[in-house]
Amino acid sequence: MTGGYVICEYDKVKAEFPEFRAVMQALEDSLIAKASADWAPLSYGGIAPLAGQFGKTTVMPQLFADNAGNRLTSWEQTFTATGSQTIMTGVESGGIIPEDFKVGLVGLAFLDKALKISEIKMQISDKKLPRMNIEEAFLYNKPAIIFEEGFILDEKTSFDLYGYVLSQGIQRIKLIGLQVNRIPNKLQVTNTGAALT
Amino acid sequence: MGLGSYVFCEWASVQKEFPKFQRTFADLESRLISKCNLDWSPKTFNAGLALAPGVNNYGRTTILPSLFKGNAGTQLVHWRQHLGSTGHQTLLTGAAAGNTLPEDFKVGWIGLAFPNKQMNISEIKFQIGDRKYGRIDLEELRLYDKPAIVFEEGFIIDEETSFELYGYVEHADYQRIVPLGFAAFKIVDKVLGVPGAAIS
C-alpha cells in the first residue's frame, strides 16, 4: 500500500480531494472482486441482494469493539483514560472481523466538534501502518482523514486502531467506506443496533 | 430492482454531489407511471394535469405523511414525530391495516431526508411487502447540516402493500423523517380534503 492521505472537512471532501470518488470506486471494485472470488459462486447484489448474491451496506459499528473492548452499537464510545489507547478493534476474539463480512476502509471521520485524539496508528492483520499526527484536524469542524488508496479489512482478519487520547469523554469515530455481507440475512432479519456475528 | 446503492449527501446540494440524481428520479417516475398505467387502466397520466387530473387521468403529488403511521402507531399529520424511547423502533409504516399503503396510492420512494439539526437515529432498515432490505448505518449523516440518504435506484411502494421502516433510536426526542419521492393517486377526491387530514 503506497498511498497517502488527506485531512479535510468531510463535507468538502469532494472539493478538497476531487479524487475521492475515484478512490471510493476503486475500493468498491476491489472489494467486490475479492468477495466474488472468495465467496464464489455468489455474485454481487448491491443493497437488494437476491438468492445467490452477497449484499452491500455501510460499515456497521457492530463489527467492531471500542476502547473498553465492548461491541459497538453505534460509533459513539467513551474514553475513560488518557494516553495511548486501543480505540477500535475487530469485535471477535483476537480483534478480528467476524466471518462473512469484508470491509472496505477509505478513511476515518470524527463526528464531534471536540476532537480528543492527537495521533493514530493502525494495524491490519500483520501489516502495521505508521503513526499519524492528526492535530491538524482540530482546525476543522467536521474533520476526516481520507486515504488515497483504500484498505480491505478481510473477514477473520484482525484490525486494530490505536490513538493517543488527550482527554476523557465521548467521541464518535466512524470508519468511512463500505461493507459486503456474504449472508444478507444477517442484516435483513436482525434488529437495528443488534449484534452481528 | 437492480443492484442499487445509496449516497449520503447534503439535501440542498444533492444535484451537485450526486449528478445522477435527476436521471434516477426520472427513471423512478417513468417506472411508476408505467405501473400506474397498467394497474389503473384505462386511466392515464397527463403531465400537464398532474395536480388536477381529468376524469380519465390519475394524478401525482408529493409523498403525503397521511399515508403513513409514525413511531407511536398513529397516522401522521406531518413528518415530525416524537420518538418516545430508545433502541430498535418502528419509525414509519403504511397507514392502513397491516401496515399497508392505502388503496389508490402508489409511492415512488428515492430516499430519506432528516431536516433536523439533531440526528437521533444511527441505523435503519426497511421492508416492502415480503422483501427485507439490510441494515444501513446512518451516523455519517451527523456531519451534514441538511442530511439525506438517496438511493441510486428508487423503490415503488405499491397500494395495499406493507411498508415498514425501522431504526435504532439513540435519543428519545422529536425527529422529522421525510421520505423523498412522489405519490401517484388514482382518485383525485382523496387528496382534496383539508391539509393534514387523514387519508384512507
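This structure is a prediction, so every number in the text was calculated from the model and none was measured. Order of the sequence lines fixes the chain letters, A, B, ..., with proteins taken first and strands second; residue numbering starts at 1 for each chain.
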Quick one: are [X] and [Y] in side-chain contact, heavy atoms under 4.5 Å?
{"X": "W75(A)", "Y": "D137(B)", "result": "yes"}
{"X": "N181(A)", "Y": "R135(B)", "result": "no"}
{"X": "I47(A)", "Y": "Y133(B)", "result": "no"}

Region of [X] that comes under 4.5 Å of a non-hydrogen atom in chain A:
{"X": "F151(B)", "result": "side chain"}
{"X": "Q127(B)", "result": "neither"}
{"X": "I124(B)", "result": "backbone"}

Linked, directly or transitively: [X] and [Y] (ILVMFWY side chains, under 4.5 Å):
{"X": "I187(B)", "Y": "Y58(B)", "value": "no"}
{"X": "V59(A)", "Y": "L105(A)", "value": "yes"}
{"X": "L72(A)", "Y": "L63(A)", "value": "yes"}
{"X": "I121(B)", "Y": "Y166(B)", "value": "no"}
{"X": "L115(A)", "Y": "M122(A)", "value": "yes"}

Using a 3.5 Å distance criterion without hydrogens, assess whether the side chain of Y6(B) forms a donor-acceptor pair with backbone atoms of T58(A).
yes
Interface residue of largest heavy-atom contact number with chain A, from S122(B), G167(B), C9(B), under 4.5 Å
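Counting heavy-atom pairs under 4.5 Å, the top option is G167(B).
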Pick from R142(B), K132(B), E170(B), E139(B) with the largest number of heavy-atom pairs that fall under 4.5 Å of chain A
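Top option by heavy-atom pairs under 4.5 Å: E139(B).
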Might you work through the salt bridge (charged side-chain N to carboxylate O under 4.0 Å, His left out) test for E140(B) and R172(A), ending with a clear yes or no?
CA-CA 10 Å; E140(B) 188 176 330; R172(A) 203 179 280 262; over 6 Å; no
Tell me whether [X] at atom [atom1] has more than 12 heavy atoms from other residues, nucleotides or ligands lying less than 6.0 Å away.
{"X": "Q22(B)", "atom1": "CD", "answer": "no"}
{"X": "K156(A)", "atom1": "NZ", "answer": "no"}
{"X": "K43(B)", "atom1": "NZ", "answer": "yes"}
{"X": "F79(A)", "atom1": "CZ", "answer": "yes"}

Heavy-atom pairs under 4.5 Å with chain B, option from K174(A), K186(A), E76(A) with the top count
K174(A)
Working to the nearest 0.5 angstrom, can you tell me the gap between M119(B) CE and L111(A) CG?
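The CE atom of M119(B) sits 11.0 Å away from the CG atom of L111(A).
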Rounded at 0.5 Å granularity, tell me how far CG in D145(B) sits from CG in N141(A).
9.5 Å
Select one option (side chain, backbone, both, neither) describing which atoms of [X] are under 4.5 Å from chain B's heavy atoms.
{"X": "A144(A)", "answer": "neither"}
{"X": "V189(A)", "answer": "both"}
{"X": "Q62(A)", "answer": "side chain"}

Can you spot which of T192(A), T57(A), L187(A) makes a side-chain contact (heavy atoms from CB on, under 4.5 Å) with K125(B)?
T192(A)
Hey, does the Lys NZ or Arg CZ of K142(A) hover above the aromatic six-ring of Y144(B), less than 6.0 Å from the centre and inside 45° of the axis?
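No.
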